[in-house]
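Notes follow the structure.
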Amino acid sequence: MADININSIWEDLSNQIKNCSKCILCKTRKNVVIGEGRRENCKLVIIGEGPGETEDEQGRPFVGRAGDLLTRFLNDARIPRDSIYITNIVKCRPPENRDPAKDETLACSDFLESQLLLLRPSLVITLGNPATKWFLGTSQGITRVRGNWVDWRGIQLMPTFHPSYILRQKIASEYNNLVALVRKDFASARMKLDALK
Ligand code: URA
């Protein structure tokens, strides 16, 4: 393993993702959103669904309104955004922010598998149903499974609510309840990170 250059593997993978045309999302994307953050000694990976409009424009994950809320959760839990890696199950924007279709998720799956193999995180947080389903194959909704740590191939994984779902809440008390639950989940991730040290 010593003479394998990890940076060149990342570069190869990034080029494959950038040039991918395995599903129809490549026809409408402006930019591919590969992911960003810490790659070496990365303890935590956060996985969303797919790029939204701002992410598609900038080629970066979670930089729109949902990203602002995610960054707030990270800050509240004292988890620096640049200390983790953030990506999505699909790397191109589904039009109108619809959920990624099964064939689109499948077409992108090898990329996420490769990213996880290279990152080898201790912890994963999945945001929302599609990302959680990718890992756990569960049909149980996010409300049931959120906040629970489970083992996924030796990685500790916890689902929580997607920030976009929280932002769609129209009733203040519901919004506040979800924010409180996600803050709790990120505090739990902070404790897990501390325990790894
Ligand atoms: N929602 C996601 O699931 N991913 C992003 O990168 C942005 C919004």
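No hydrogens, no waters, no symmetry mates; every other heavy atom, side chains included, goes into these values. Just so it is clear, the model here is predicted, and its values are computed rather than measured. Every number for a ligand or one of its atoms is a count from 1 in the order of the listing.
In this structure, Gly67 does not count as a contact residue of ligand 1, since none of its heavy atoms falls inside 4.0 Å of the ligand.
In Glu49, the parts holding a heavy atom less than 4.0 Å from any atom of ligand 1 are both the side chain and the backbone.
The backbone N or O of Pro51 sits nowhere less than 3.5 Å from a side-chain atom of Asp56 that would complete a donor-acceptor pair.
The only option from Leu69, Leu74, Leu70, Asp68 that meets the side-chain contact (heavy atoms from CB on, under 4.5 Å) definition with Arg72 turns out to be Leu69.
Atom 2 (C) of ligand 1 has Gly50 O, 3.0 Å as its closest protein atom, hydrogens excluded (heavy atom only). Among all non-hydrogen protein atoms, the one lying nearest atom 4 (N) of ligand 1 is Asn88 OD1, 2.7 Å. With hydrogens left out, the protein atom closest to atom 8 (C) of ligand 1 is Phe62 CE2, 3.8 Å, a heavy atom.
In summary, the atoms of ligand 1 found under 4.0 Å from a heavy atom of Gly48, numbered by their order in the structure, are 3 (O). With ligand atoms numbered from 1 in the order given, ligand 1 contributes 1 (N), 2 (C), 3 (O) to contacts under 4.0 Å with heavy atoms of His162.
Relative to the six-membered ring of Phe111, Lys22 meets both conditions, a distance below 6.0 Å and an angle of at most 45° to the axis.
Under a cut-off of 6.0 angstrom, the local environment of CZ in Arg183 is sparse, with at most 12 non-hydrogen atoms contributed by other residues, nucleotides or ligands. Within 6.0 Å of the CZ atom in Arg144, the count of heavy atoms belonging to other residues, nucleotides or ligands does not exceed 12.
Residues satisfying the ring pair (Phe, Tyr, Trp, His ring centres under 6.0 Å) test with Tyr165, not counting sequence neighbours, are Phe161.
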